[in-house]
Structures are given as C-alpha cells and as structure tokens.
Student: 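Please read through the structure below; I'll follow up with questions.
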Amino acid sequence: MTLDTTFDPASIEARWYKHWEETGGFRPERPDAEPFTIVNPPPNVTGSLHIGHALDNTLQDIVIRYERMRGKDALWVVGTDHAGIATQMVVERQMEQRQDKRTNYSREDFVDKVWDWKRESGGTITTQLRRLGCSMDWSREQFTMDEHFTKAVLKTFVDLYNDGLIYRDKRLVNWDPKLKTAISDLEVETQTIAGGFWHLKYPLEDGVTLSDGRNYIEVATTRPETMLADMAVAVHPNDDRYSSVVGKHVVLPITGRRIPIVADEHADPELGSGAVKVTPGHDFNDFEVGKRAGFAAGDMLNMLDGDANVCQTSDGMVPEEFLGLHRFKRDGKDGAREAVVARLKADGYLIPHIAKTKKGEEVEHDAEPRQIATPFGDRGGVVIEPWLTDQWYVDAEKLAAKPIEQVKDGTIEIVPKTWKKTFFNWMENIQPWCISRQLWWGHRIPAWFDAEGNAYVAEDEAGAQAQAGKGVALRQDQDVLDTWFSSALWPFATLGWPDDTNLVKKHFPNNLLISGFDILFFWDARMMMMGQYNMGTAPWPKLYLHGLVRAADGAKMSKSKGNVVDPLGLIDQYGADALRFFMAAMESQGRDIKMDEKRVEGYRNFATKLWNATRFCQSNGIGASSTLKAPTARLAANQWIIGEVQQVCAEIEQAMTDLRFDAAANAIYQFTWSKFCDWYLELIKPVFAGDPDAMPAVETREVAGWALDQILVMLHPFMPFITEELWHAQGERKYDLIVASWPNPRAEVSKEATDAIDWVIDLTTNVRSAKNELGIAPGAKLAAFLPTASDLASGTIERSSAAIERLARLTPVTLGEAPDGPAMQVTAGSDVFIIPLEGIIDIGEEKARLEKSLAASQKEAKSLEGRLSNANFVERAKPEAVEKAKADFAHHSAEVERLEGALKRLG
RNA sequence: GGGCGCAUAGCUCAGGGGUAGAGCACUGUAUUGACAUUGCAGGGGUCGGAAGUUCAAAUCUUCCUGUGCCCA
C-alpha cells in the first residue's frame, strides 16, 4: 500500500474502529491469560463527551491497550448510568416544550417514556467514546437499570437493611424545592452570595427584663422568614448578659408563640447580640440545638411545603396572610421574607441597621448587608431548604471503617498519594447518606408499608407480604434510590453479581480505577464501601485520580463562561491520536491540565512525522518485521538503534508502572522523533546507496523494519489509529496491532558499536554548530585532519566513513597532521579535528568562537577547582561526586589548554 | 476558620541534594527525492522572597508573599 504525503486522520479512524469492534479486538479470547480489569466510570446516559471524559477515557484506554498488548486477558467494562435526576429532567424539559408535563401521566407511563427516550436519544456518548478510540468491551455494554443490575441493587438494599446498615429516619434533609426531592450532602454546593443580617426584638414575657432593664432580647438572623417557625431563643451558657433569663420565655411577634430561652453553646456571644433564634425545622444547627433543648424531631415545627411556600405550622399560629407565600422573593414577587420583615418593621420589632455614607451621613437600613454562605442544589440550581422528612439512610460511618483501614495499610493505594488526606478527612467525618429521592426515574426502593406505616423490606412484594402477613394491605415506597447507590456496585454488578459468574470470579477485584478527583466521594469511596460490604474485599488495589482539564487561561470550563472546548471538534481538526497524545503528555500526577491547542497541533505534526518516516522506509524496501526479537545486527547503526529500542521500552514500562503518563508519552515521542527519525534514518541512508542485496542493506532493512514495528507497538496505546494503519501498510500481518505483543527486545548490543554512533553524533553536531557560527554553508564539504586519533575514532572512521561524510560532511578525513595555516578545531569525544579554513572563513570569527568556548570552559574549570580545593567537599562528599568533579575538572582544564593553543595558532 | 496544592525559560509544563530540561513561541539558516504539519543551529532562567540544615539547596525544613481548589 502506498501512503499519501500527509496523514489524514479522518480517513482512517472510523474504519479501524469499526474493524476492531467487529473482529473482537477489544476483547480477544484469552481464557488462560492473567486478567486485567478496569471499569469505566459510567457516564450519564444523557451525557455527551466533554473534555474531561476525553482525558479520563484516554488514560484508561492507554492502560488497557498496554496491558492487552502485554498478553493479559484485558477487560474494560463500559456502560452508562441511568442518572436519576438528570435524565428525568431531560425528559421533563422535552415535555415542557410540548406544553406537557410529567404529572399528566401515571408513574408507569412516564417511566415508559423515559425508557423510550433512552432507546432513541440516550447514549450519544457511547458513539463519541468510539471516536476517541476507546477499546472498551461493547459486547457487554452495561446500564445501571439493566435487569441484572436491578437485582444487584435490590439485594444490596435488602442485605444492608437486614444488617441494620440502612434505616429510615426523620431528620432534616437537603431539600431541593425546585426538583422536589431530597438530595445528599455531596449534591449541595455552597456559594457565597450577597444577603442580609436582620436584627429583631423578641419581647420577654411575664415582666422579665435583662440586667440592663431591656424588656426584649435582640436576635439576629439571615433568614427572618423562618421566625414563623421559631421554637426557642438560644444564648451561650456562659454569657452573663443573659444568664438571668435562661428558662424564661419570649413571645414571638406575628405568631404570638411563646417560646423558651435556652442555654446552648451554639450561640456565639461574639456574634451579633449573642442571642440567636432557633428554628429546628429549617436549619441544621438549630435542629441540633432543638434536640438538645428537648424537642423530638416529630414535634419540630414546619412552616414550608415541598415548594418552599409557607404552610401552616402544626400549632396553627401562622397568620393567614403569610400562607402560600414563597420563602423569599421570586420572579420579582415579594415572598415570606419580605412580608415578615415589613410586618416586624411596622410593629416595631425590627432594629434598623445604621450605616454611614461616604459623606458621613447616617442612613437606616432594614438589614446589615452580608456575604452569606448559601447552599444550592447542584442539579436544580436553587437554594436548598433544610426540611424535616422521613428518608432512607445508609449508615456510612460503619461502612467507611474498612475502606479507611485499607487505604491506611496500603491495601488500596491512592495515586497521587496527596489525596489520601482528603479521603481520610471526609471518610472519618462521614455523615449518614440519604439515599431516597422523590423521583420517578430510578431504582424503586424495595420497601412496602402497611396502613400503620410499618415498613417491610424485601426484594419483591411477595417477600414483603410474607413478612407483613396475609391480607395486610401494602403499598410500595414511592421513592427511588440515589443514582450513586447503584453505581457504587459497578465494579461487580457489571460482571454479573450477585450471580456467581465466571466473570466475577476472574475479574473482581478489578486491577485499577481511574477517575477524576471530583468523584472521589460520590463514587470511588462508595465503591470501596459497597465492594467491601458485598464482596468482602476492596474493589481495586489502586485508585488513580486525575485533575480537571481547564481552559487555556486556567479557568474552569463552563457553558456559562462560554470557554468550553469540544473534544470532538479537536478530533475533527487534529485527529483522535493527537488529542489522546496531548492528554497523556500533559497528565502529570496531581496537577490540572490547561488546554493548549498548539500542543495538540504539535502532536498532530508528530503523527505526520511518523507517517513520513514510514513512507521513507517503504521507499527503501523496509517492511514488516518477521520476528518479535531483535534481529542479529553487525552494523554499528543497527546495533545502536536496537539498544535505543531496549532503553525506551524500559523507560515506558517504568513510566506505566508508575502511572506517569507524561513520562511514557515523552519517552516514545523523543525516541521516535529525535532518535529514530533524526539520527537512525539519516545514518542508514548511505547503506541504501549501495548494493541492495549486500549484507549491509539486507541487515539494515531487517533492523529498520523491526525498529519501526517496535515504535508502532509502543506508540499504539497512545495513538492507536495511525499505528494500526501503518502496521498494516508495512506489509502482511498475521494479526492486528491492537492484539500484537509488547516488545521484549533482549538483544546483546556491543558497547563499541553504540559508542561509535554516539561519537559520530557528537562529531556531526559539533561540525554543524561550528559551521553555523562561522557562517559556513551547512552543505559545504570540508577536509579534516586528525593528528592523534583514539581507537574509537580510527575504528569508526574506517567503518562508518559514509555516515561521517553524509552527516558531518567531512571528506576526506586524514589521520595525521594538518598542513600549516589557519584552521578551526572541532571535537568528537576526546578527539580533536583540525579543519583548514584558508579561503573559507574570516579568522576573526573562528577566534571569537573559540573565545566563547574558552570562557565557558574557564568558568566551569574555576568553579570545579574551587570545589575540589575545599577540604570539606573532598572529605565529606560522596566519592562518586568527588570523582565526577575531578573528571569534569580534568576535561575542562584540557579544553582550556586546547582552546588557548588553538587561539595562539590563529595568531 | 480547617485541609490540600501550586509558584522553574516569553507561554504551557517536567525534574529534583552535585550547579537546569521538553514542547510551543522567538532568532539565524537550509529547499530537486520521507517529511516546511520539515531539517540544522542558536538566544533565553540568580528555579516567588527570607532564614535554616548541609562540604554542597532550584531540590530538604521553617516562615513570608502571591495564587488555586476542597471542606465548614
């Protein structure tokens, strides 16, 4: 096959992907091989590929392709997450566009419609992952609401319940009044927004006064509207200002509710007046204060409904005019907050805030302006309302114990390890996990209630009925489970658990998990808990956490900022291989990646470079190699490249062991471009000018073909498309590159040969540099003399004269004294070449060049001399360091001598 | 307020007790056969600041400054 001069990724990517998928390349049958398993963080079924996915999946694909080539029974599990809230929102939004809504349908009909949507529009991302080249096992694509997955979810729930690790509780939850569901702590994002601090007067009852004679207590609040459900006023137990009134009562304005003054350490004497209103039903801190003050959760007053509109409290004391108002201003319409403040003000219960203008005039405001840390729902985007409801909870504290231990003792390694502290910090302070959601789309909670509200938990209704007794009317819990409850089972439920399948036996525990740090708590930690609970072991021994891909200016990418980079656009422009290589090359541990399109472009250029190198090989009859092991080589250049392949292979393996994707990518990049293309191909060009059937050409074709094949293999995990294309372009192959073997080049390479090539490279570089500085045409051929030649020099000049002529452009090279006259000196290793300059160049320029080198060597020599004359250094430094300093000093001293001599000769 | 990072060439980043590297950008130069999505050569950094440990600190320790993220 002949290749075009430029590489066009688009023309090959789809073809190869299809081929791999159709021929089972992603999951070759290797029943006897050692398993290697990773599971893909299941993207939301509503999702589309963003740059973060591109990073996450590129890294995983590099690992799985690498392990597959190393002969493992490699399995990369893939699938999508049903994404409860996100998916329900998508379908509801589509309904809204048709002036339709969810509640127009029965639950069953609505869920059917979501399934319809999933079948028709869901899973866009799976196509996009294919474009990135991800070699996942699509033959077993998973979905978190597959039948067998549901089975795993139900079993887990029932087992946890029976073990007392799932329970129902009435307590405050994070309520999203827009989505009208509870959410977990992790789904709440705190943002600081501008708000106010209102100061209120609560009149003391029964003629009680404070020590200063005041007949009211001042309380300050950021949420004045909740005073409709206040149940106490708290002061600090050591606060002398209030000690006399603890146990007394105040009568609330507006409602007239009589509430106690309690002592509680939650009240901060330094803050405001030191007294705080307590609303146990609408504030997490107040809930705890309320409990300490003796209120049962069931008795705590609730003044808001599920939409966060004011409703009547159980004591019936909220005035009619407030009922139905939204908690605060919305769509320009005043809410309960505004109404309560207006009423307090009118009745004289509001203490105004006095502010001074720039001119020093005093101005009254209703509230003191403040920045308030406010909780928002990450999906709904509205302020979260702490709300008292019955929900299902997982006892996360108990489940977290073993994972904490495992990370501590190294059973689970977290890479990079800086994340361990963050992990412990969260796990050791973990709160009960609220797992019930008031949605329709998701795993229905397997609990049934009788008329008295007793719960019966079983995998199916029959089981619950059996527990409740015949004839007892049961109604299933209306709620569904948090999406993360099911994805926590991903490492084993995808393999068929709870059935005892061969896949589970062979591929659990998995070998590695790669995920972004943003889901460390959401997903990774919960997999650890559920893996341990269900399987009795950690889900994987190693967790690799990568960072975020940021915009070029370092900002977080977001749709609202409009700085989102579409990975598919980059693939269109530069090819999937270039984008992948960029991701790998930029992925150093523990740092976010800044988008740098120039760099993606650079890796596209790298692909073109490899493409053209292959074209060169083809034009010289260099084709597919026939052996895995390195061919026997006699020519120095061939031995040299074999040695270099061994080195780079070892480097890549080390980098992969360390999960240093950047180091691995850079190693293969430098080898391919700077070693193979820049030197090896140049070194062997003269060989092909000679007899094509003679030993040198035959051997070189063989070695070059082998070396190129090793490049294709080692580069394949990073750039799968171009390497597969070139693999086949190079000749008939017994198998595709995707299932080829990783190099194992255990060849003997002579030091003489590699030294010789290194010497030629040194000579060539120095000649080119000297010419450049002296303004001699790069192509000019110069005669050179070597008065005293090292063994290396004389041998190399004899055997590699063609390379020296072609690369260093020295011809002829005479072993012997140079004729008198102006000349320049060029070194190669310890050898000094004399190159006559008469008529070629201005002597002054050569002198300037030598003086520059002389100054550099003098500086080095002086510094080394100083160090060596320091007795402390010679006595106390490591012997190697002293030896090296001595050798360096000797070298630079000799250089100084040589250069001074050369300068003297030039006059 | 607590925790975790980061600060190295113009930019984006590696490195790491023995005197500093890559890619891009920049400068000069090269063009009849692999490649201008190229080759060759080159300029450019007192490694954020201060103190300490050490024969030796960009590297280790402490503090400071700036900056980012997470949690409350």
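As the structure is a computational prediction, the values presented were derived from the model and not from experiment. Every chain is numbered from 1 and lettered A, B, ... according to where its sequence line falls, protein lines coming before strand lines.
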Student: Using the C1' atom in both, what is the distance from B:A14 to B:A58, to the nearest Å?
Tutor: 14 Å
Student: Would you say A:Ser588 reaches B:A14's phosphate, i.e. side-chain N/O to OP1/OP2 under 4.0 Å?
Tutor: yes
Student: From the options B:A72, B:G42, B:G18, select the nucleotide whose nearest atom is closest to the side chain of A:Arg867.
Tutor: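 Selected nucleotide (nearest to the side chain): B:G18.
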Student: Go through the steps to decide whether A:Tyr574 and A:Tyr603 satisfy the test ring pair (Phe, Tyr, Trp, His ring centres under 6.0 Å), and finish with yes or no.
Tutor: CA-CA 8 Å; A:Tyr574 302 107; A:Tyr603 293 125; over 10 Å; no
Student: Report, as yes or no, whether the 6.0 Å neighbourhood of atom CZ on A:Arg379 holds more than 12 heavy atoms from other residues, nucleotides or ligands.
Tutor: no
Student: Side chains of residues 575-591 of chain A: which donor-acceptor partners sit under 3.5 Å, not counting sequence neighbours?
Tutor:
| residue | atom | partner | partner atom | Å |
| --- | --- | --- | --- | --- |
| A:Asp577 | OD1 | A:Phe721 | N | 3.1 |
| A:Asp577 | OD2 | A:Ile722 | N | 2.8 |
| A:Arg580 | NE | A:Phe718 | O | 3.1 |
| A:Arg580 | NH1 | A:Asp61 | OD2 | 2.7 |
| A:Arg580 | NH1 | A:Leu132 | O | 3.0 |
| A:Arg580 | NH2 | A:Asp61 | OD2 | 2.8 |
| A:Arg580 | NH2 | A:Pro717 | O | 2.7 |
| A:Glu587 | OE2 | A:Tyr544 | OH | 2.6 |
| A:Gln589 | NE2 | A:Asp658 | O | 2.9 |
| A:Gln589 | NE2 | A:Leu659 | O | 3.1 |

Student: Using the P atoms only, state how far B:A57 lies from B:A50, rounded to an integer number of Å.
Tutor: 14 Å
Student: Base, sugar-phosphate alone, or nothing: which one does A:Thr765 contact when heavy atoms must sit under 4.0 Å apart?
Tutor: sugar-phosphate
Student: How many whole angstroms separate atom CD1 of A:Ile684 from atom C1' of B:A34?
Tutor: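 Result: 11 Å.
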Student: On RNA chain B, compare the nucleotides closest to A:Val874 and A:Asp662; which residue's is nearer the 5' end?
Tutor: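 It is A:Asp662 whose nearest nucleotide is closer to the 5' end.
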Student: Of the listed nucleotides (B:G42, B:G3, B:U12), which one gets closest to any side-chain atom of A:Asn425?
Tutor: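 Nearest to the side-chain atoms of A:Asn425, counting from C-beta on, is B:G3.
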Student: Mark yes or no for whether A:Ser769, through its side chain, and A:Thr765, through its backbone, hold a donor-acceptor pair below 3.5 Å.
Tutor: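 Checking the backbone N and O of A:Thr765 against the side chain of A:Ser769, no donor-acceptor pair under 3.5 Å is found.
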Student: Check whether any side-chain nitrogen or oxygen of A:Lys594 sits under 4.0 Å from OP1 or OP2 of B:C13, and answer yes or no.
Tutor: yes
Student: Could you tell me whether A:Arg223 and A:Asp283 have a side-chain N and a carboxylate O separated by less than 4.0 Å?
Tutor: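 No, this pair does not count.
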Student: Using a heavy-atom cut-off of under 4.0 Å over every strand shown, decide if A:Thr422 touches base, sugar-phosphate, or nothing.
Tutor: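 Counting heavy atoms under 4.0 Å across all strands, no contact is made by A:Thr422.
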Student: Is any side-chain heavy atom of A:Thr190 less than 4.5 Å from a side-chain heavy atom of A:Thr374?
Tutor: no
Student: Give the dot-bracket line for RNA chain B from 5' end to 3' end: parentheses for intra-strand Watson-Crick or G-U pairs under 3.5 Å, square brackets for crossings, | for inter-strand pairing, dots for unpaired.
Tutor: (((((((..((((....[..)))).(((((.......))))).....(((((..]....)))))))))))).
Student: Provide, to the nearest angstrom, the distance between the CZ atom belonging to A:Arg849 and the P atom belonging to B:A41.
Tutor: 14 Å
Student: A:Asn666 has an atom CG; how far is it from atom P of B:U12, in whole Å?
Tutor: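 Those two atoms, CG and P, are 18 Å apart.
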Student: Mind calculating the distance between CG (A:Asp592) and C1' (B:C13) to the nearest angstrom?
Tutor: 13 Å
Student: Regarding A:Ser619, tell me which of base, sugar-phosphate or nothing describes its non-hydrogen contacts under 4.0 Å with the strands shown.
Tutor: nothing
Student: Sticking with atom P, work out how far B:A34 lies from B:G18, rounded to a whole angstrom.
Tutor: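 The answer is 43 Å between these two P atoms.
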Student: Write down the distance separating the C1' atoms in B:U46 and B:C24, rounded off to the nearest Å.
Tutor: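 Rounded to whole Å, the distance is 25 Å.
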Student: With sugar-phosphate meaning primed atoms plus P, OP1 and OP2, does A:Lys878 contact a base, only sugar-phosphate, or nothing at under 4.0 Å between heavy atoms?
Tutor: base
Student: Atom CZ of A:Phe581 and atom C1' of B:A22: how far apart are they, to the nearest Å?
Tutor: 12 Å
Student: When the P atoms of B:G3 and B:C63 are considered, how many whole Å apart are they?
Tutor: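 The answer is 12 Å between these two P atoms.
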Student: Hey, is A:Glu773 close enough to A:Lys852 for a salt bridge, meaning N to O under 4.0 Å?
Tutor: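 A salt bridge links A:Glu773 with A:Lys852.
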Student: On RNA chain B, check which nucleotide each of A:Glu773 and A:Arg550 is closest to and give me the residue with the more 5' one.
Tutor: A:Glu773
Student: Please tell me if A:Arg591 has a side-chain N or O lying less than 4.0 Å from either OP1 or OP2 of B:G68.
Tutor: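 For A:Arg591, the contact criterion (side-chain N or O under 4.0 Å from OP1 or OP2 of B:G68) is not met.
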Student: Take the protein atom CZ of A:Phe424 and the nucleotide atom C1' of B:G2, then report the distance between them rounded to whole Å.
Tutor: 18 Å
Student: Need one value for A:Arg809: base, sugar-phosphate or nothing, where a base atom within 4.0 Å counts as base even if backbone is also close, heavy atoms only.
Tutor: nothing
Student: What is the distance from atom CD1 of A:Ile183 to atom SG of A:Cys434, rounded to the nearest 0.5 Å?
Tutor: 9.0 Å
Student: Check every strand shown and say whether A:Cys677 touches a base, only sugar-phosphate, or nothing at a heavy-atom separation below 4.0 Å.
Tutor: base
Student: Which of the following nucleotides, B:U12, B:C70, B:G18, is nearest to the side chain of A:Ala881?
Tutor: B:G18
Student: Provide the distance between the two C1' atoms, one in B:C35 and one in B:C40, to the nearest whole Å.
Tutor: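 Comparing C1' positions in B:C35 and B:C40 gives a spacing of 15 Å.
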Student: Rounding to an integer number of angstrom, what distance separates B:G21 and B:A41 when you compare their P atoms?
Tutor: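 One P to the other, the span is 16 Å.
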Student: With the criterion being N/O to N/O and under 3.5 Å, what pairs connect the protein with nucleotides 35-39 of chain B, and how long is each?
Tutor:
| residue | atom | partner | partner atom | Å |
| --- | --- | --- | --- | --- |
| B:C35 | O4' | A:Asn612 | OD1 | 3.4 |
| B:C35 | O2' | A:Asn612 | ND2 | 3.4 |
| B:C35 | O2 | A:Lys609 | NZ | 2.9 |
| B:C35 | N3 | A:Lys609 | NZ | 3.0 |
| B:U37 | O4' | A:Asn605 | OD1 | 3.3 |
| B:U37 | O2 | A:Arg604 | NE | 2.8 |
| B:U37 | O2 | A:Asn605 | OD1 | 3.4 |
| B:U37 | O2 | A:Thr608 | OG1 | 2.7 |
| B:U38 | OP1 | A:Asn605 | ND2 | 3.3 |
| B:U38 | O3' | A:Lys609 | NZ | 3.2 |
| B:G39 | OP1 | A:Lys609 | NZ | 3.3 |
| B:G39 | OP1 | A:Trp673 | NE1 | 2.3 |

Student: Can you measure from OG1 (A:Thr614) to CG (A:Leu726) and round to the nearest 0.5 angstrom?
Tutor: 4.0 Å
Student: With a 6.0 Å cut-off (strictly less than), is the heavy-atom count around NZ of A:Lys417, excluding the residue itself, greater than 12?
Tutor: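 Result for NZ/A:Lys417: open.
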Student: For the pair made of CZ in A:Phe521 and C1' in B:G3, what is the distance, rounded to whole Å?
Tutor: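 After rounding, the gap between these two atoms is 11 Å.
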Student: Work out how far the C1' atom of B:C6 is from that of B:G43, and round it to whole angstrom.
Tutor: 29 Å
Student: Which part of the nucleic acid, if any, lies within reach of A:Glu880 when heavy atoms closer than 4.0 Å are counted: base, sugar-phosphate only, or nothing?
Tutor: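 No contact.
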Student: Is the positively charged end of A:Lys685 above the ring of A:Tyr680, judged by distance under 6.0 angstrom from the centroid and angle within 45° of the axis?
Tutor: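 No - A:Lys685 does not lie over the ring of A:Tyr680 by the 6.0 Å and 45° rule.
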Student: One thing to verify: whether A:Arg604 and A:Glu601 come together as a salt bridge, which I'm taking to mean a side-chain N less than 4.0 angstrom from a carboxylate O.
Tutor: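 Looking at A:Glu601 and A:Arg604, the cut-off is met.
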Student: Nearest to the A:Ala613 side chain among B:U12, B:A34, B:G18, which nucleotide is it?
Tutor: B:A34
Student: Nearest whole angstrom, please: distance from the P of B:C70 to the CD of A:Glu428.
Tutor: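 After rounding, the gap between these two atoms is 21 Å.
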